[in-house]
Amino acid sequence: MDVGTKLHASIITTGLQTFPNTYLRNAVLQMYAACGCVLSARKVFNEIPLSYKDTVDWTTLMGCYARGGLPCGLIDKTRRIFNEMKEKSLVSWTVLLGGSGEMGCFENARLLFDEMPDRNKVASTIMTAAYIENGLTKEAFGLLREMVFELNFVALCSWLSACAQSGNVIVGKWVHVYALKMMKNEIDIMVETALINMYAKCGRISDAFRVFNVMPRRNVVTWNAMLSGLAMQGKGDTVLDLFAQMIREVKPDDVTFTAVLSVCSHSGLVDQGRHFFRTLESTYGIKPSIEHYSCVVDLLGRAGHLEEAESIIRGMTIHPNEVVLVSLLTACSVHKNLELGECLMKELVQMYPDNTEYHVLLSNMYSLAGKNDKANSIRVVLKSRGVKKVPGTSSIHVGGQIHCFSAGDKLHPQSQDIYMMLDEMIRKIRLAGYVPDTACQKFSGSDGGECYDYGQEEKEHALFSHSEKLAVCFGLLSTRAAVFNRYAYGINT
DNA sequence: GTAGGGTTAG
């Protein structure tokens, strides 16, 4: 960059600006754009006479504003430049699309993609990534299917991400075979990392290791994918062993510690987690991020060290977000600390006045503490707003199809069998000593959000029809052990 | 000369 700036200065001092040498100016514009110097790029752009500005110059300037890492809001500027352009190229459309996708304006990106007069695989890959990021895996697969005959490394990565997120290991394996054929066993490191992530997220740890172990080169992202996959499966000891190996090969980064701290939390490795968090900056030179705070609060909260977790939150250099506060709130609920819980909920209700879940939780907490007046006043507010809660869903991949369930729904063709299985499972877990915690079920039901107090039986029913349980029961009925299950539970289809 | 890819907490 320094060399570039000096070069620009010398261009100006030699007086070239008085004889508009547009090739030179265009090159300077490219240079500033490539370095992310928005203001300098804008200045040079303004210096180019209007008749000399071509579509590439306009698009380059758009790219400056649209590129990631810039503060939000610059997408408006990108669009303004786009609107000013007389002739828009496919690349200009793509820059705007990429900017919208990156800055979280998903709906805008979708509209743009539909509006585009022409598309190519770059635009489709951007849109696929946006779909995946927003959890719309089905739409992502739809686009990828259109691109099936022009797949390259980039598209394969997007495809693998979609597989990882939807748990579709069958398509993921197909992509693996395709990649091996396409690249004659010399797979790109990013595709290999995406493969590790896909296998690990789909629960195929040994397949993930098989890819990982034969890789000729591994970087920090590869290690992170492996560690995060193991962390997700709760393999605490394996993660810590692998971490020790990793630091001999590459320098760990912030993502590494998100995986390490998260697995410490889920495996109850409190001392190790605490140690990693404390030495994050001094030993590894990493400033704790919101994700690290979230993990360590979760770690301490789960273990019942509520005060320590709270003092970490209060001492945070960045503002705690919803995830961090909810982690501690959940711990308060588990360890029955009403005082701190109430305090956190008030904070959450203030921070997110439109999120009714916190109002519901706060109201329940007041009820439990016998403060019915306070509980009722919140209920009145909720009723007057007529709020509806969007039901959560769980899905399971069986026989090449994704089966999706929401709490209490009976839409699945095998619904009757699923509920029979559910009854049987509940009978078994009750016998094993499970007592449902119905305190938190006061409002949330399967009816889409009406606010009222359930009777004990209804509360238990709502809890037992939870979407995840339905998906698991369907899995038990439909996978390899299905014959045994049907026999054992007397279910016939 | 301008556009697209892999890893992140609950």
Chemist: Just call it for A/Ser294: base, sugar-phosphate, or nothing, with non-hydrogen atoms closer than 4.0 Å on any strand.
Modeler: base
Chemist: Pick base, sugar-phosphate or nothing for A/Val191, based on heavy-atom distances below 4.0 Å to the nucleic acid.
Modeler: base
Chemist: What's A/Ser89 touching, base or sugar-phosphate or nothing? Going by heavy atoms closer than 4.0 Å.
Modeler: nothing
Chemist: In a check of side chain to side chain contact (heavy atoms under 4.5 Å, CB included) between A/Tyr293 and each of A/Thr317, A/Val323, A/Asn321, which one passes?
Modeler: A/Thr317
Chemist: Taking the six-membered ring where the residue is Trp, are the ring centres of A/Trp223 and A/Phe212 under 6.0 Å apart?
Modeler: yes
Chemist: Do A/Glu310 and A/Arg314 sit within salt-bridge range, that is, some charged N less than 4.0 Å from a carboxylate O?
Modeler: yes
Chemist: A/Lys88 near the nucleic acid: base, sugar-phosphate alone, or nothing, with a heavy-atom cut-off under 4.0 Å?
Modeler: nothing
Chemist: Does A/Glu308 pair with A/Arg278 as a salt bridge, N-O distance under 4.0 Å?
Modeler: yes
Chemist: Across the strands shown, which category fits A/Leu61 at heavy-atom distances under 4.0 angstrom: base, sugar-phosphate, nothing?
Modeler: nothing
Chemist: Give A/Ser228 one of three labels, base, sugar-phosphate or nothing, depending on what nucleic acid heavy atoms sit under 4.0 Å from its own.
Modeler: sugar-phosphate
Chemist: What contact category does A/Val95 fall into here, base, sugar-phosphate, or nothing, at under 4.0 angstrom with non-hydrogen atoms?
Modeler: sugar-phosphate
Chemist: Mind jotting down which residue pairs meet the ring-ring contact (aromatic ring centres under 6.0 Å, His included) criterion with at least one end in residues 232-255 of chain A? Sequence neighbours excluded, please.
Modeler: A/Phe243-A/Phe257, A/Phe243-A/Phe276
Chemist: Taking heavy atoms of chain A and a 4.0 Å limit, find me the 5'-most and 3'-most nucleotide of DNA chain B within that range.
Modeler: B/dG1 to B/dG10
Chemist: Base, sugar-phosphate or nothing for A/Asn120? Non-hydrogen atoms, less than 4.0 Å.
Modeler: base
Chemist: Is the shortest distance from a Lys or Arg side-chain nitrogen in A/Arg302 or A/Asp298 to a carboxylate oxygen in the other one below 4.0 Å?
Modeler: yes
